[in-house]
Amino acid sequence: MNNDHLALFVRIANTYNISLAGRELDLSPAVASAYISKLEENLGVRLIHRTTRKVSLTEEGEAFLPHAQEVLATLETARASVGAGSLVPQGTLRITAPASFGRMHIVPALKSFMQKYPGLTIDCRFSDTIVDLVEGGFDIAIRDAALKDSNLIARKLASDNRIVCASPEYIAKNGLPKTPQDLVNHQTINLASIESWGFKSGKDTLNIKTKGALRFDNGEAVRDACVQGLGITISSNWCSYKYLEDGSLVEVLKDFPLVANADIWAVYPSNRLLAPKVRAFIDHFIAYFGEVPYWEKQ
């Protein structure tokens, strides 16, 4: 199987245009079309639907795409490991990250990263839905939860400490909860699917089922509703640190730490050799966030 054919197929999957994908690889439209036809002939299946208006992947093409990406990534890393390829990160780096964290902390760090590695193209997909890295064709995922898939490798990028907070307006109107049990008498704002808040109580966990009239599927929306005085909530420091600094939010129940503290992880498939572009991303963001992230320094 020809690696140039695979590279063209992967670019077509991203551009949905044979001619454009061919130009990116210095191929004429005729040669690009011939390459894809040859790849389909070798596999014995049709990989793309061709119409006068657009190109799309067939069901077989969708199934084949992550494997083609895997082959190219492994080849790139293998060549670099013996000095036959470029050790300088290049190509397209596909990243998936939680929507709020991506917007607030990945995007600002990309300027210096791209200045350092001008040969890279960055393709970011921000979503709070956890996607399958291999099926989605991603090189790396940013996660803020414990790793459950044994086929993945995780590198810690930064801490993700979480607090209970409220606005001064809410506190002035409703008072402060003195203990976690007091939360049942307060309005709370929850992230979707989270209704029970866990607090450390010695060696045990104290779970409080909260009473909330507001629920969101986005951390920034939860934070903004809290700033507006609509209730008490749990928020990550990386999401709320600026509001804690300017006094728009106040930490409550300081003497009752949450069980929910976690970390921010960079995750990639365990069966994939660590490509230079992935290693560069991880190293850059570990340095950018620092041992104590800027959001933990308020």
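Keep in mind the model is a prediction, meaning the values are calculated, not measured.
- A tilted orientation is assigned to the rings of Y170 and H186, their planes being inclined by 30° to 60°.
- A99 and F126 get closest at one heavy-atom pair: CA-CB, 3.8 Å.
- A ring-centre distance under 6.0 Å is not found for Y288 and F113.
- Two residues are said to be in side-chain contact when any heavy atoms from C-beta on lie closer than 4.5 Å; S37 and R50 meet this criterion.
- Note: L191 CG to I189 CD1 = 11.5 Å, rounded to the nearest 0.5 Å.
- Considering only heavy atoms from C-beta on, I264 stays 4.5 Å or farther from F285 through its side chain.
- Closest approach of A166 to I171, counting heavy atoms only: CB-CG1, 4.1 Å.
- Closest approach of C226 and G231 over heavy atoms only: SG-O, 3.4 Å.
- Contact record, I95 with I122: CD1-CG2, 3.8 Å, taken as the closest heavy-atom pair.
- The side-chain contact (heavy atoms from CB on, under 4.5 Å) test with F138 singles out one residue from D123, L93, V131, and that residue is V131.
- The heavy-atom pair separating W295 from A158 by the smallest distance is CZ2-CB, 3.6 Å.
- Considering every non-hydrogen atom in both M104 and P108, the closest pair reads O-CG, 3.2 Å.
- With rounding to the nearest 0.5 angstrom, the CD atom of E40 is 5.5 Å from the CD1 atom of I48.
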Kindly determine whether K277 and I140 satisfy side-chain contact (heavy atoms from CB on, under 4.5 Å), including the steps that lead there.
-> CA-CA 10 Å; K277 61 186 178 183; I140 196 164; over 6 Å; no
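- The structure places CZ of R162 at 9.0 Å from CG of L258, a figure rounded to the nearest 0.5 Å.
- With no hydrogens or angles considered, a side-chain donor-acceptor pair links W197 and N190 at under 3.5 Å.
- Within the 4.5 Å cutoff, side-chain heavy atoms of I163 are placed close to those of L244.
- Considering S240, S167, S248, C165 in turn, S248 is the only one that fulfils the side-chain contact (heavy atoms from CB on, under 4.5 Å) rule with V227.
- Distance check: T188 OG1 to I194 CD1 gives 11.5 Å after rounding to the nearest 0.5 Å.
- For the pair R143 (side chain) and V267 (backbone), a donor-acceptor distance under 3.5 Å is absent.
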Would F281 and Y117 satisfy side-chain contact (heavy atoms from CB on, under 4.5 Å), going step by step from the backbone distance to the final call?
-> CA-CA 10 Å; F281 178 91; Y117 303 110; over 6 Å; no
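- Side-chain contact check for R46 versus E60: every heavy-atom pair is 4.5 Å or farther apart.
- A donor-acceptor contact closer than 3.5 angstrom links the side chains of D160 and S236.
- Atom CG of L183 is separated from atom CZ of F256 by 10.0 Å, given to the nearest 0.5 angstrom.
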